[in-house]
Amino acid sequence: MALQKKKILARAFFNRPTLIVTRELIGKFLVRRVGKRKIAVMITETEAYDGFKDKASHAHRGQTPRNTPMFGEAGVCYVYFTYGMHWMLNIVTREKGYPAAVLIRGAGEHVGPARLTRGLSITKLLNGMPLAQKSGIWIEDRGIVINPRNVKRTPRVGVDSAGPVWGNKKYRFVLQQKRVKK
DNA sequence: TAAGTGATCTCT
DNA sequence: GAGATCACTTAA
């Protein structure tokens, strides 16, 4: 058995073109530590929100108090509250001043962005926190190699109001799960 | 298919 | 301040 490589992803990983980061996060592990409990789940679904021009992005109308983390350094959490009950977890990409982030939509058994944050106790407290062990949330590369053929690219979810052009961009990546035969 | 839920943003 | 909107989930 070969040694398992386990590497915590640093800022440099996220300070790259958003779509590349979005794609490469599939198969990485999101790790959350709360007190003594540690949860690690493999990321299976992501979406990119890239730049001022992206009409589906919170940043397309400019900077506001809420979306400020998107304008900051890469490798930082952008967590916001919506629909009166759900938290959404994003990871900021690109350099300071360029608003972009990756929405983590699913990981491990948590399918759906709001279920994921509920399962991992992710709230506003993590907003603006860098991904690092000391923050209690980080991302590891555990050496799992994903076959690109098993990653599906589709339009993003819930962004129809962004119009046909931006609403149809294939900015969503989904790992095709193995089917369990009965 | 639609209700629930409340912060945030835009427009008065 | 008021009204619309919202990167969703759950129960039918």
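Put simply, the side chain of N67(A) reaches to within 4.5 Å of the side chain of T64(A), judged on heavy atoms.
Here CG of N150(A) is found 13.0 Å from OG1 of T44(A). Values are rounded to the nearest 0.5 Å. The CG atom of D54(A) lies 7.5 Å from the OH atom of Y49(A); values are rounded to the nearest 0.5 Å. Residue N127(A) holds its CG atom at 10.5 Å from CZ of R66(A), rounded to the nearest 0.5 Å. Between L131(A) atom CG and R11(A) atom CZ the span is 9.0 Å, to the nearest 0.5 Å. Between the CD1 atom of I139(A) and the NZ atom of K28(A) there is a distance of 9.5 Å, given to the nearest 0.5 Å. L89(A) CG to C77(A) SG: the interatomic distance, rounded to the nearest 0.5 Å, is 5.5 Å.
Both tests pass for R16(A) against the ring of F13(A): distance under 6.0 Å to the centre and angle within 45° of the axis. In this structure, R142(A) is positioned above the aromatic face of F29(A), its NZ or CZ under 6.0 Å from the six-membered ring centre and within 45° of the axis.
Contact detail for A40(A) and V31(A): the closest heavy-atom pair is CB-CG2, 4.1 Å. Smallest separation of non-hydrogen atoms from A56(A) and R156(A): CB-NH2, 3.5 Å. Residues T22(A) and Y171(A) come closest through the heavy atom pair CG2-O, 4.2 Å. A pairwise comparison of heavy atoms in M88(A) and P113(A) identifies SD-CB, 3.6 Å as the closest pair.
Proximity of residues 101-110 of chain A to DNA chain C (heavy atom under 4.0 angstrom from any strand atom) is restricted to L103(A), R105(A). DNA chain B is contacted by R61(A), T64(A), P65(A), R66(A) of residues 60-72 of chain A, taking any non-hydrogen atom closer than 4.0 Å. Using a 4.0 Å cutoff on non-hydrogen atoms, the parts of residues 90-99 of chain A near DNA chain C are N90(A), ordered by number. Scanning residues 76-85 of chain A for heavy-atom distances under 4.0 Å to DNA chain C yields Y80(A), T82(A), Y83(A).
Protein chain A contacts DNA chain C from dC6(C) to dT10(C), reading 5' to 3' and using non-hydrogen atoms of the protein with a distance under 4.0 Å. Chain A approaches DNA chain B over the interval dG4(B) to dT10(B), counting the first and last nucleotide 5' to 3' with an atom under 4.0 Å from its heavy atoms.
By the side-chain hydrogen bond (donor to acceptor under 3.5 Å, both in side chains) test, E95(A) pairs with no residue at all, sequence neighbours left out. Qualifying salt bridge (charged side-chain N to carboxylate O under 4.0 Å, His left out) partners for E109(A), counting only residues two or more places apart in sequence or in other chains: none. For R33(A), there are no salt bridge (charged side-chain N to carboxylate O under 4.0 Å, His left out) partners two or more places apart in sequence or in a different chain.
Clustering of Ile, Leu, Val, Met, Phe, Trp and Tyr by side-chain heavy atoms under 4.5 Å joins I20(A) with none of the others.
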Which atom pairs, one a donor and one an acceptor, fall under 3.5 Å between side chains of residues 96-105 of chain A and the rest of the protein, sequence neighbours left out?
residue : atom : partner : partner atom : Å
Y98(A)  : OH   : D50(A)  : OD1          : 3.2
R105(A) : NE   : E45(A)  : OE2          : 2.9
R105(A) : NH1  : E47(A)  : OE2          : 3.4

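Contact annotation for A56(A): base contact, defined as any heavy-atom pair under 4.0 Å involving a base atom. At a threshold of 4.0 angstrom between heavy atoms, the contacts of K124(A) are confined to the sugar-phosphate backbone, with no base atom among them. Among the atoms of the strands shown, none is found under 4.0 Å from any heavy atom of R172(A).
Each of S161(A) and V111(A) has a nearest nucleotide on DNA chain C; the 5'-most of these lies closest to S161(A).
Ring centroids of H58(A) and Y80(A) are separated by less than 6.0 Å, placing the two rings close together.
Scanning DNA chain B for stems, defined as runs of 3 or more consecutive Watson-Crick or G-U wobble pairs whose donor-acceptor distances all fall under 3.5 Å, gives the following ranges: B:1-4 with C:8-11, B:6-11 with C:1-6.
Among the candidates V159(A), T154(A), T46(A), the single residue satisfying the side-chain contact (heavy atoms from CB on, under 4.5 Å) test with R172(A) is T154(A).
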